[in-house]
J.: 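My structure is below; once you've seen it, I'll send some questions.
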Protein chains: 2
Amino acid sequence: MEINELKIFLAVARQGSISRAAEELNYVQSNVTTRIKQLEERFGRPLFHRKSKGVCLTASGLILCDYAQRIIQLTGEAHDALSENAVPQGPLAISSMETTAAVRLPSLLADYHRRYPQVALNLVSAPSAESLKKLLDYQVDGAFIAGEVDPQAIESCEVFEEELVLVAPLDIDPLTMESLKILVFRPGCSYRARLENWLRQNGRLGYHSVELGSIEGILACVAAGMGISILPRSVVERPHLMQNCALHELPEPVRRMTTRFVWRRHEKPSTALQVFRELLPAP
Amino acid sequence: MEINELKIFLAVARQGSISRAAEELNYVQSNVTTRIKQLEERFGRPLFHRKSKGVCLTASGLILCDYAQRIIQLTGEAHDALSENAVPQGPLAISSMETTAAVRLPSLLADYHRRYPQVALNLVSAPSAESLKKLLDYQVDGAFIAGEVDPQAIESCEVFEEELVLVAPLDIDPLTMESLKILVFRPGCSYRARLENWLRQNGRLGYHSVELGSIEGILACVAAGMGISILPRSVVERPHLMQNCALHELPEPVRRMTTRFVWRRHEKPSTALQVFRELLPAP
DNA sequence: CTATTTTACGGCACTCGTAAACATT
DNA sequence: AATGTTTACGAGTGCCGTAAAATAG
């Protein structure tokens with residue numbers, strides 16, 4: 001049973017006549033006769049009663065008619081959904097740094113979902129390095145990361161400028177703190193490299209690092225005097241979070257961090273991704 | 001977009017690999033590659049990401065996957081519904097004399113519907129001649145009629161034996177009644193011929209006929225003294241109907257009427273019709 | 001004779017398989 | 001080298017059109 005056969009079948013059923021169906025389909029009439037006969041042989045039952053003028057459906061024909069209409073309907077919808085100017089729909093998987101997801105994305109994603117409710121958004125948090133791996137592994141279609149990317153395989157645009165600040169326990173000088181711990185996200189976290197860099201430049205070498213999964217976890221540990229971290233000011237300066245931590249400004253260029261949105265080069269992006277990029281703010 | 005293409009597409013999506021899909025489908029692998037490429041060209045977008053090991057769906061591929069599954073599902077259901085041993089289903093149109101429909105069919109149809117609830121029963125009432133026309137015009141699949149049929153085009157079996165009785169107003173001799181009217185159904189009614197026959201044989205020639213659409217209408221007019229009619233005893237002897245009418249026995253062979261169920265010869269009957277015939281009582 | 005469906009037949013496009021090339025690990 | 005995808009090409013099937021026959025009013 002093929003789609004084209006069903007279209008022919010439906011045309012005959014609709015017209016009540018093989019010749020008129022042939023006209024409608026721009027087929028020669030004998031061809032339609034043959035295709036109908038094939039269908040009937042395949043099913044082992046007649047689908048039409050042959051009358052002196054035209055044909056009419058048998059009981060079996062009526063049953064098939066019902067299914068055929070639903071099937072043809074679905075193929076039409078499928079074509080529409082995949083056509084060039086379809087409304088953005090289908091899945092859109094995005095990976096993002098934890099901090100960006102916390103501060104920048106909520107309003108952005110809400111706006112996106114309001115405009116394109118047919119898209120099934122899927123947001124996962126991951127450090128930049130991991131995000132890039134997911135992207136190249138086709139697990140996500142785009143990612144928010146910090147740091148450079150291989151321009152061979154990946155295209156990107158700058159989206160957010162963040163000012164990084166050092167977060168430390170109150171009344172403590174991070175550089176002279178005893179048994180210093182740095183609190184960072186999972187491996188691949190771009191903040192970690194920056195923090196370690198800065199510490200090295202300031203002569204502070206001995207420290208341990210502790211990996212935590214969430215912003216709240218890091219800030220709580222800092223407030224408890226466990227260690228220091230480095231985070232975007234926009235993340236820390238939310239009123240409910242900045243208690244019991246001291247913010248220390250960092251020197252240029254460490255303080256400057258650019259968040260980029262990245263996607264695979266050499267690939268026609270889905271409509272959902274295209275309109276997502278169009279919605280991104282200029283940096 | 002053809003069904004077979006969709007099956008190939010789904011196999012690749014399921015296996016995550018063109019070669020394994022080819023194995024599953026018993027195709028050569030290059031063929032599957034080609035068919036997928038065709039699909040992609042037709043839609044103008046890639047459906048799979050080519051990875052070093054196998055392939056995985058793109059966003060467009062996921063959308064199509066959804067539709068393809070539903071379409072394949074429907075084709076399977078259609079095949080099942082039209083298969084040899086499917087449960088009886090689909091439409092079954094029956095035409096019947098008014099009297100048979102009133103007395104004999106209610107329990108029969110109820111029983112049928114209880115056993116085969118998937119069949120869409122469609123019962124229409126019509127005089128025997130009209131029923132035969134509908135049958136040969138494929139408007140109904142079977143009919144209950146009285147009288148002979150052309151055995152060339154129509155097959156039949158005897159189903160009910162009725163005793164016909166003359167229905168007349170109380171205290172009136174039908175044969176001497178003034179300005180006699182005979183009350184019958186629409187033209188083509190088999191009772192009418194019998195009644196006219198009997199009147200002629202008994203020397204009664206002058207009368208008019210009145211056509212009424214329902215049993216209740218006929219009996220009410222008889223009770224009101226308007227005229228006489230001829231009906232099966234089983235129809236008249238229902239308690240709520242036999243008031244204010246006199247029943248006169250008729251001589252052989254007029255009193256004997258056989259109701260037959262008829263269907264088109266030279267045609268494979270639908271399953272719904274086959275099981276309907278099996279449910280009919282022996283006469 | 002008109003309208004319609006059925007059958008017979010030939011060309012051609014499309015699908016499948018073989019085989020070799022290409023890509024990636 | 002091994003695994004998997006792409007490309008090139010020849011063979012056969014099945015679809016479509018032409019044409020003529022059958023069927024019915």
J.: Got a donor-acceptor contact below 3.5 angstrom from the B/Lys268 side chain to the A/Gly44 backbone?
T.: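 Such a contact is found between B/Lys268 side chain and A/Gly44 backbone.
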J.: Could you check which residues of residues 3-17 of chain A get a heavy atom under 4.0 Å from DNA chain C? Sort them by number, please.
T.: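 Only A/Ser17 qualify.
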J.: How would you label the contact of A/Ser19 with the nucleic acid (heavy atoms, under 4.0 Å): base, sugar-phosphate, or nothing?
T.: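 The answer is sugar-phosphate, as A/Ser19 gets under 4.0 Å only of primed atoms, P, OP1 or OP2.
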J.: Got a salt bridge between B/Arg104 and B/Glu98, using NZ or NE/NH1/NH2 to carboxylate O under 4.0 Å?
T.: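 No, this pair does not count.
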J.: For the backbone of A/Phe48 and the side chain of A/Glu40, can you confirm whether one donor and one acceptor N or O come within less than 3.5 Å of each other?
T.: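 Such a contact is found between A/Glu40 side chain and A/Phe48 backbone.
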J.: Can you pull the contact range of chain A along DNA chain C, 5' to 3', using atoms under 4.0 angstrom from its heavy atoms?
T.: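 For DNA chain C, the relevant span reads C/dA3 to C/dT7.
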J.: With sequence neighbours excluded, what pairs up with B/Val210 under the side-chain contact (heavy atoms from CB on, under 4.5 Å) test?
T.: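 Partners of B/Val210 under the side-chain contact (heavy atoms from CB on, under 4.5 Å) test: B/Lys181, B/Leu183, B/Leu212, B/Met226.
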J.: Starting at the 5' end of DNA chain C, which residue's closest nucleotide do you reach first, B/Arg35 or B/Gln29?
T.: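 It is B/Arg35 whose nearest nucleotide is closer to the 5' end.
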J.: Would A/Arg20 and A/Glu24 pass as an ion pair if we require N to O under 4.0 Å?
T.: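 A salt bridge is absent here (no side-chain N lies under 4.0 Å from a carboxylate O).
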J.: What residues from residues 37-58 of chain B pass a heavy-atom cutoff of under 4.0 Å to DNA chain C?
T.: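 Contacting residues: B/Gln38, B/Ser52.
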J.: Taking NE2 in B/His266 as the centre, count heavy atoms belonging to other residues, nucleotides or ligands within less than 6.0 Å. Is the count above 12?
T.: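 Yes, enclosed.
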J.: Going by an N to O cut-off under 4.0 Å, is there a salt bridge joining B/Arg35 and B/Glu41?
T.: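 No, this pair does not count.
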J.: Are A/Arg50 and B/Glu267 ion-paired here, with the side-chain N under 4.0 Å from a carboxylate O?
T.: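 Not counted as a salt bridge, because no side-chain N and carboxylate O are separated by less than 4.0 Å.
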J.: Say whether, by atom type as modelled, one donor and one acceptor occur between the side chain of A/Glu155 and the main chain of A/Arg265 under 3.5 angstrom.
T.: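 No, because the side chain of A/Glu155 does not come within donor-acceptor range (under 3.5 Å) of the backbone of A/Arg265.
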J.: Would you say the rings of B/Phe276 and B/Phe261 are close, in the sense that their centroids are separated by under 6.0 Å?
T.: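 For B/Phe261 and B/Phe276, the ring centres are under 6.0 Å apart.
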J.: Quick one: does any side-chain atom of B/Asp141 pair with a main-chain N or O of B/Ala93 as donor and acceptor, under 3.5 Å?
T.: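 Here the side-chain-to-backbone pair exists.
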J.: Mind checking which nucleotides bracket the chain B contacts on DNA chain D, 5' to 3', with an atom under 4.0 Å from a heavy atom?
T.: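 Boundary nucleotides touching chain B, in 5' to 3' order, are D/dT3 to D/dT7.
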J.: Does either side chain, that of B/Arg194 or that of B/Asn197, offer a donor lying less than 3.5 Å from an acceptor on the other one?
T.: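 No, no side-chain donor-acceptor pair sits under 3.5 Å.
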J.: Using side-chain hydrogen bond (donor to acceptor under 3.5 Å, both in side chains) as the criterion, list what pairs up with A/Glu77, not counting sequence neighbours.
T.: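 By the side-chain hydrogen bond (donor to acceptor under 3.5 Å, both in side chains) rule, A/Glu77 matches A/Gln73.
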